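Throughout, protein chains are lettered first and strands after them, A, B, ... in sequence-line order, and every chain is numbered starting at 1. Side chains included, hydrogens not; waters and symmetry mates left out as well; all remaining heavy atoms used. Owing to the predicted nature of the structure, the values given are computational and were not obtained by experimental measurement.
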2 protein chains.
Amino acid sequence: MGEGVEWGLHCCLVLAWLDDEAPVSTGRLAALFELPPVYLKKRLQALVRAGILTSTPGVQGGFRLARPPEKITLMDVVAAVEGRDEAFRCTEIRRQGAGVEAPAGEFARPCGIATAMRRAELAWRRELAAQTLADLIADAPAGAPRRARRFYERLGS
Amino acid sequence: MGEGVEWGLHCCLVLAWLDDEAPVSTGRLAALFELPPVYLKKRLQALVRAGILTSTPGVQGGFRLARPPEKITLMDVVAAVEGRDEAFRCTEIRRQGAGVEAPAGEFARPCGIATAMRRAELAWRRELAAQTLADLIADAPAGAPRRARRFYERLGS
DNA sequence: GTGGCAGTACTCGGATAACCTTTGTCCGAGTCTAAACGG
DNA sequence: CCGTTTAGACTCGGACAAAGGTTATCCGAGTACTGCCAC
């Protein structure tokens with residue numbers, strides 16, 4: 001899994017901490033975590049396409065959360081950054097080789113291996129969908145949001 | 001996730017179907033699914049290193065299951081092929097940027113994001129560990145094992 | 001005829017290239033600010 | 001002094017290279033079979 005997921009989640013968390021007063025630019029977000037600014041922007045654009053963030057162009061522009069944190073699940077962010085297709089991809093090799101002699105009806109039911117892998121991946125998705133940004137905010141250390149705000153305001157000077 | 005997982009699982013299933021009469025060579029396994037033989041061998045070697053398969057060199061050599069199918073979980077195969085490290089890797093970016101001003105004790109507890117991601121991944125692993133090769137055998141179509149054996153024997157001619 | 005032996009063919013194992021996804025970077029389109037100018 | 005205009009600078013957005021990982025391949029070490037030879 002790419003590092004963009006970690007970046008996206010932390011950025012969303014910071015955006016929630018900053019209380020949506022004004023859009024936060026890529027440079028400011030990158031400075032908050034010492035990340036490469038331009039590449040971070042590329043990843044945030046994926047979140048914009050998924051409808052998790054909204055972007056406002058122009059000077060004083062930037063990103064902000066499109067929904068309240070309670071309405072954004074970790075699954076949303078992961079799917080936006082990493083893609084919506086499943087990790088395990090069944091290529092139906094059971095039909096090749098020895099499978100070409102099988103009656104066609106045998107492939108009506110999905111491959112058992114694909115089913116098992118999909119079941120596991122579904123458990124993963126379910127767990128991710130059960131956690132929202134609001135839950136992360138609740139579990140975060142108490143001082144972190146305040147420190148982020150102070151750091152952000154000092155950044156403007 | 002690489003395609004080697006699908007290949008490895010199907011090969012393990014075939015090895016179980018063939019009843020462990022004799023080692024099955026890479027070429028035979030590749031023919032059973034029309035896969036590139038040499039690259040398939042590379043992936044099976046990973047299963048050997050993990051102790052899931054045993055390999056016997058020499059003519060008439062090949063691979064066989066190291067344990068009965070009830071003792072081989074999908075998690076074992078996936079971990080052997082794909083690696084044992086977690087998909088989400090926390091790089092502790094919370095300590096960078098605004099985090100450098102935080103008191104050291106704040107980082108005693110693990111990052112909430114990493115915890116949430118780990119929880120989801122644990123659910124995935126738990127689901128994979130709950131399914132064994134024997135379960136896949138039970139759910140497979142009845143005719144498939146017999147057809148695999150016939151195809152395999154005709155391959156020797 | 002039978003036991004031993006050497007040759008041979010076939011197998012796994014690890015080291016070696018090609019392709020592709022991911023990572024990282026750049027420049028153009030659009031927008032708000034702010035200063036300058038005229039009334 | 002105030003409204004308008006115009007230049008500027010900063011932002012996002014998508015198109016463009018470089019790197020690491022995965023995919024695919026080749027050659028070397030080892031083993032069992034097979035045919036041959038000696039006894």
Side-chain angles (χ1 to χ4, degrees), chain A residues 1-8 11 15 22-31 33-66 78 80-89 91 93 152 155-157, chain B residues 1-8 11 15 22-31 33-66 78 80-83 85 87-89 91 93 152 155-157:
Chain A
M1 178 171 304
E3 58 200 349
V5 172
E6 185 183 13
W7 296 4
C11 286
L15 287 175
V24 182
S25 72
T26 300
R28 305 272 191 282
L29 279 172
F33 296 107
E34 298 181 27
L35 298 176
V38 199
Y39 185 42
L40 174 63
K41 178 165 64 69
K42 189 177 186 62
R43 288 297 167 84
L44 295 179
Q45 286 175 11
L47 293 174
V48 173
R49 288 190 214 102
I52 297 172
L53 301 182
T54 61
S55 66
T56 64
V59 62
Q60 298 264 3
F63 299 92
R64 67 178 67 187
L65 290 180
V78 170
V81 175
E82 205 71 11
R84 277 157 202 79
D85 46 349
E86 310 190 6
F88 179 85
R89 178 173 46 119
T91 58
I93 62 175
Y152 175 70
L155 224 56
S157 69
Chain B
M1 177 169 306
E3 57 200 349
V5 173
E6 185 184 12
W7 296 5
C11 285
L15 288 176
V24 182
S25 73
T26 301
R28 307 272 191 282
L29 279 172
F33 296 109
E34 296 182 28
L35 298 176
V38 198
Y39 185 42
L40 174 63
K41 179 165 65 70
K42 190 178 187 59
R43 288 298 166 85
L44 295 179
Q45 287 175 13
L47 293 174
V48 172
R49 286 189 215 102
I52 297 171
L53 300 182
T54 60
S55 66
T56 65
V59 62
Q60 298 265 2
F63 298 93
R64 66 177 66 189
L65 292 180
V78 171
V81 175
E82 206 71 9
D85 47 347
F88 180 85
R89 180 173 45 120
T91 59
I93 63 174
Y152 176 69
L155 224 55
S157 68

Checklist outcome for this item: Of the candidates D:dC12, C:dG14, D:dA24, the side chain of B:Pro36 sits closest to D:dA24

Checklist entry - Between C:dT25, C:dC12, C:dA15, which nucleotide gets closest to the side-chain atoms of B:Lys42? => result C:dA15

Next on the checklist: Once you apply a heavy-atom cut-off of 4.0 Å, does B:Gly62 come out as touching a base, just sugar-phosphate, or nothing?
Outcome noted: sugar-phosphate

Checklist entry - Want to settle it: does A:Val59 or A:Glu3 sit nearer the 5' end of DNA chain C, counting the closest nucleotide to each? => result A:Glu3

Checklist entry - Is there side-chain contact between A:Arg43 and A:Val81, with at least one heavy-atom pair below 4.5 Å? => result yes

Checklist entry - Does a side-chain N or O from A:Ser55 land closer than 4.0 Å to OP1 or OP2 of D:dG13, or not? => result yes

Checklist entry - Are A:Glu3 and A:Tyr39 close enough that some pair of their side-chain heavy atoms sits under 4.5 Å apart? => result yes

Item to check | Separation of atom CD in B:Glu82 from atom C1' in D:dG21, rounded to whole Å | outcome: 12 Å

Item to check | A:Gln45 side-chain proximity, nearest of C:dG24, D:dG13, D:dT31 | outcome: D:dG13

Checklist entry - Is the distance from OP1 or OP2 of C:dG14 to the nearest side-chain N or O of B:Arg49 less than 4.0 Å? => result yes

Checklist outcome for this item: Rounded to whole Å, CG of A:Leu47 lies from C1' of D:dC12 at a distance of 14 Å

Checklist entry - Think A:Thr56 has a side-chain N or O under 4.0 angstrom from the OP1 or OP2 of D:dC12? => result no

Checklist entry - Given side chains that start at C-beta, do those of B:Leu53 and B:Leu65 come closer than 4.5 Å, heavy atoms only? => result yes

Checklist entry - D:dT31 P sits how many Å from B:Phe63 CZ, rounded? => result 16 Å

Item to check | Expected output: side-chain A:Glu82 to main-chain A:Gly2 donor-acceptor under 3.5 Å | outcome: yes

Checklist entry - Within less than 4.0 Å of OP1 or OP2 of C:dG24, is there a side-chain N or O belonging to A:Arg43? => result no

Next on the checklist: Between P on C:dC12 and CD on B:Gln60, what's the gap in Å once rounded to a whole number?
Outcome noted: 12 Å

Next on the checklist: Looking at the base of D:dG13, is there any donor atom on it, or on the side chain of A:Lys41, that sits under 3.5 Å from an acceptor on the other one?
Outcome noted: yes

Checklist entry - Separation of A:Tyr39 atom OH from D:dG20 atom P, in whole Å? => result 14 Å

Checklist entry - Could you give the CG-to-P distance, from B:Leu35 to D:dT23, as a whole number of Å? => result 13 Å

Item to check | Nearest-Å distance for atom pair CG/P, residues B:Leu40 and D:dT23 | outcome: 13 Å

Checklist entry - Counting only N and O atoms by type, is there a donor-acceptor contact under 3.5 Å from the side chain of B:Ser55 to the main-chain atoms of B:Gly62? => result no

Checklist entry - Between D:dC33, D:dT11, D:dG13, which nucleotide has the shortest distance from any of its atoms to the side chain of A:Val48? => result D:dG13

Checklist entry - If you find the nucleotide of DNA chain C closest to A:Gly4 and the one closest to A:Val38, which residue's nucleotide is nearer the 5' end? => result A:Gly4

Next on the checklist: Tell me the interatomic distance from B:Leu53, atom CG, to C:dT11, atom C1', rounded to whole angstroms.
Outcome noted: 15 Å

